[in-house]
Amino acid sequence: MYSKKTILTLAFTAIFGLSYAQLDKKASDNLLQRILPKHANQFVVEQIDTFSKDTFQISSRDGKIVLAGNNGVSIASALYYYLNEYCHCQITWNGENLNLPAKLPVVPSKIKKSSPYEYRYYLNYCTYNYSMSWWDWQRWEKEIDWMALHGINMPLAITGEEYVWNEVYKEMGFTDKELSTFFCGPSYFSWFWMGNLDGWGGPLPVSWMISHKDLQLKILKRERELGMKPVLSAFTGHVPAAFRQKYPNAKLKQTNWNNGFSDTYILDSEDPMFAQIGKKYLEKQTEIFGTDHLYSADTFNENEPPSDNPEFLSKLSARVYDGMRQADPKAVWVMQGWLFFSDRKFWHAPQIKALLDAVPNDRMIILDLITEYEPVWKRTEAYYGKPWIWNMLHNFGGNISLFGQMETVASQPAAALNDTQSSKLKGIGLTMEAIEQTPVLYELMTANTWRSTPISLNKWLSKYIRNRYGKGTKESNANMLKAWQVLKNTVYNGKEIRDGAESILTGRPTMDSATRWTKTKLNYERRELIPAWDLFIKSSAAYDKSDGFQYDIVDLTRQVLANYARPLQVKWVKAYENKDLVTFRKYSNQYIELIDDMDKLLATRKDFLLGKWIADARRCGNTDAEKALYEQNARNLITLWGDADSPLHEYSCRQWSGLMTDFYKVRWQKFFAATALAMESGKLVDVAALDKEIAQWEWKWVNAQKSYPTQTSGNSIEVAKRMYLKYRAKM
């Protein structure tokens, strides 16, 4: 039975058309059981009735902690606030501290928080592959809990999209053979969904489509139970190549992503079939997955439209929206604003305004995709009146690097919220290309959710350290505060570069300082980071049981060693130029030894194991052929990305144990052997020929099958100490 207050609230909602969601108490109770199974009975979950902002309250009553909220996300956020502020705990992808006392701390006076942000968005198309390609329900369940704890209420939810498209095209008369070159392999859905490629890494087994349709049903059920509103996909024109034969009169545009892949085909929005297919797709998707009326659609992702005429762009946009509206009159188009950042030479004010103005303001939401680096809202009059969301992108390709715009993330969401020029700023979000790294940036960004004022970074860092590492000694706590000041002013200072630098170790062998996708420019001097390393090593005994500290000392040591590769490279390059073979061999051997040492370090944490990525991929397969296909997809994405001639090699490089020694090390050994041989004969090494030879070897590696360790080896702190003793004096 509803309370009298709830009945009045529902009636008021019906009269005035306001949104109201009844709390699913069971879903919140279940989340408590998953997060804190030994303490769940010390919490009470209650409903708050609210007409507008998401709100939570925390109080103590009758020896229990009362978590009150208007939906499951608010309840979960209340729980995480309590864990952070009263229990000094933390839950991240890379380290967890849930060392709670048997009797939970009392809340002396009621805490109440409301979010000034209607939407808290999460995910990027790319995240679904750079991090999530091989996730099962167990991993997804953990992530949805993380989302709820961190206040996310608007997740992109595109698992199983290929199943819906298969159903639609089958109903249109396409055969399995005609679709076999359309659907790509599981590592490449993000770019298939965005119309950048067809078929690569396939053919996709039907068993995958079915299993991931079932997985999506579980994902959506859980997200909706917790009060989230998932963003599903919509049609933007990408059709199978066989469309040309089946519909010879269709108005198609042949386009190419220019990254080594074949042409794809885009159905022109002027063609009557565009709206028909868009309607079919949304109807089928709704039939299978339901809807919350939010649809992601990105036209011309990293592909330019055929015309920059504002009238053309306006009509195109109107037709895309109309395809949604015909199937769902309540449809809201959620657009990634990446194109306005990545292709600014095309998208000037008249073009952007025309594209956006064609859709009613209350039927479109723009994601300012990389606001922490370049707030596009400031040069578009806040997207010309459209509701928009402030996002942190932060990571590209899943590359492993300590990096971030920490001061910006702490201050600028609130600054934009309180700026009279920000117009219809409705939310904040996380749009990284990959996750499961750099946890501090994600804890910091989501700390904005329940406040409208800037975060005092030094105060916040002090709490973060306490929650992450647990209670150390007076000396170790002081050391960690100093160490994090160094980190804040070096790797996390956000200056000069857009995203984290890679190490030259992971680049295809070269004598240059960088390659196209191995960008080694740092936003600090290498020596400036070393004092943080000193302090972590000095304090390690105080935190030897801390999961978060163990991850951080490995990650920091990894970064320092990765940085050291460049000075070593300079030495062997100079020896080569001086025709000094003895010195060349000395420093090239040290370079190889550095790779081996990094591999040993990374092997101490599951976060850095190649074996887990490969094993998870193979586990998705039901047959030997499927397992082999998925392993090939997994290997390819993080190395060549495409074929042996791929221009994207190293875009998604990873500093992982197994990959360091079995891939990067072997490439460098081949390079050094060929270079030394040339030096012995008094010749210059043929770099172009060697590059081609290495590319062919890489392609063989991509198509090989081999298992790698899935369990850690060695103690993180002890191995980090060994690396410190070996390398610190050299730096």
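Predicted model, so just to flag it, every value in this text is computed and none were measured.
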Ser646 side chain to Leu640 backbone, donor-acceptor under 3.5 Å: yes
Within the 6.0 Å centroid threshold, strictly below: Tyr630 and Trp208: yes
Ion pair check, Arg498 and Glu372, cut-off under 4.0 Å: no
Expected output: side-chain Asn479 to main-chain Leu481 donor-acceptor under 3.5 Å: no
Lys NZ or Arg CZ of Lys488 over Tyr492 ring: under 6.0 Å, within 45°: no
Thr583 side-chain N/O to Ala575 backbone N/O, donor-acceptor pair under 3.5 Å: no
Ala704 backbone acceptor or donor facing Arg635 side chain under 3.5 Å: yes
Aromatic ring proximity Tyr551/Phe608, centre distance under 6.0 Å: yes
Nearest heavy-atom neighbours spanning Leu581 and Glu680: CD2-CG, 3.4 Å
Parallel, tilted or perpendicular, as decided by the 30° and 60° cut-offs, for the rings of Phe403 and His394: parallel
Contact summary for Leu461 and Gln485, nearest pair of heavy atoms: CD1-NE2, 4.5 Å
Spatial distance of atom CG (Leu610) from atom CD1 (Ile638) [nearest 0.5 Å]: 5.0 Å
Output field: ring centroids Tyr576/Trp572 closer than 6.0 Å: no
Distance flag, aromatic centroids of Phe663 and Trp656, threshold under 6.0 Å: no
Distance-only polar pair, side chains of Asp555 and Gln559, donor-acceptor under 3.5 Å: no
Audit row: Trp484, Tyr464, ring-ring contact (aromatic ring centres under 6.0 Å, His included) steps and yes/no: CA-CA 10 Å; Trp484 273 94; Tyr464 176 83; 5.6 Å; yes
Within 6.0 Å of NZ in Lys726, more than 12 heavy atoms from elsewhere: yes
Expected output: side-chain Asn477 to main-chain Lys471 donor-acceptor under 3.5 Å: no
Ser476 side-chain N/O to Gly472 backbone N/O, donor-acceptor pair under 3.5 Å: no
Minimal non-hydrogen separation, Lys721 against Ser540, with atom names: CE-OG, 3.1 Å
Atom NZ of Lys700 with >12 non-hydrogen neighbours under 6.0 angstrom: no
Ring centroid separation Phe536 to Phe549 under 6.0 Å: yes
Side-chain heavy atoms of Val440 within contact of Trp460, under 4.5 Å: yes
Neighbour count above 12 (heavy atom, 6.0 Å) for Asn578 CG: yes
Exceeds 12 heavy-atom contacts within 6.0 angstrom, atom NZ of Lys482: no
Within the 6.0 Å centroid threshold, strictly below: Phe189 and Tyr128: no
Donor-acceptor under 3.5 Å (Thr506 side chain, Glu502 main chain): no
Residues, nucleotides or ligands: over 12 heavy atoms within 6.0 Å of Gln138 CD: no
Ring centres under 6.0 angstrom apart (Tyr122, Trp146): yes
Check against ring-ring contact (aromatic ring centres under 6.0 Å, His included), Tyr130 and Trp191: CA-CA 11 Å; Tyr130 287 135; Trp191 304 277; 5.1 Å; yes
Main-chain N/O of Ala634 paired to Trp613 side chain as donor or acceptor, under 3.5 Å: yes
Criterion ring-ring contact (aromatic ring centres under 6.0 Å, His included) on Phe261 and Trp641, from CA distance to verdict: CA-CA 11 Å; Phe261 297 94; Trp641 216 103; 5.7 Å; yes
Expected output: side-chain Asp512 to main-chain Ala514 donor-acceptor under 3.5 Å: no
Under 3.5 Å: donor-acceptor pair, side chain of Asn94, backbone of Gln437: yes
Asn589 atom CG, over 12 foreign heavy atoms within 6.0 Å: yes
salt_bridge(Asp662, Lys706) N-O dist < 4.0 Å: yes
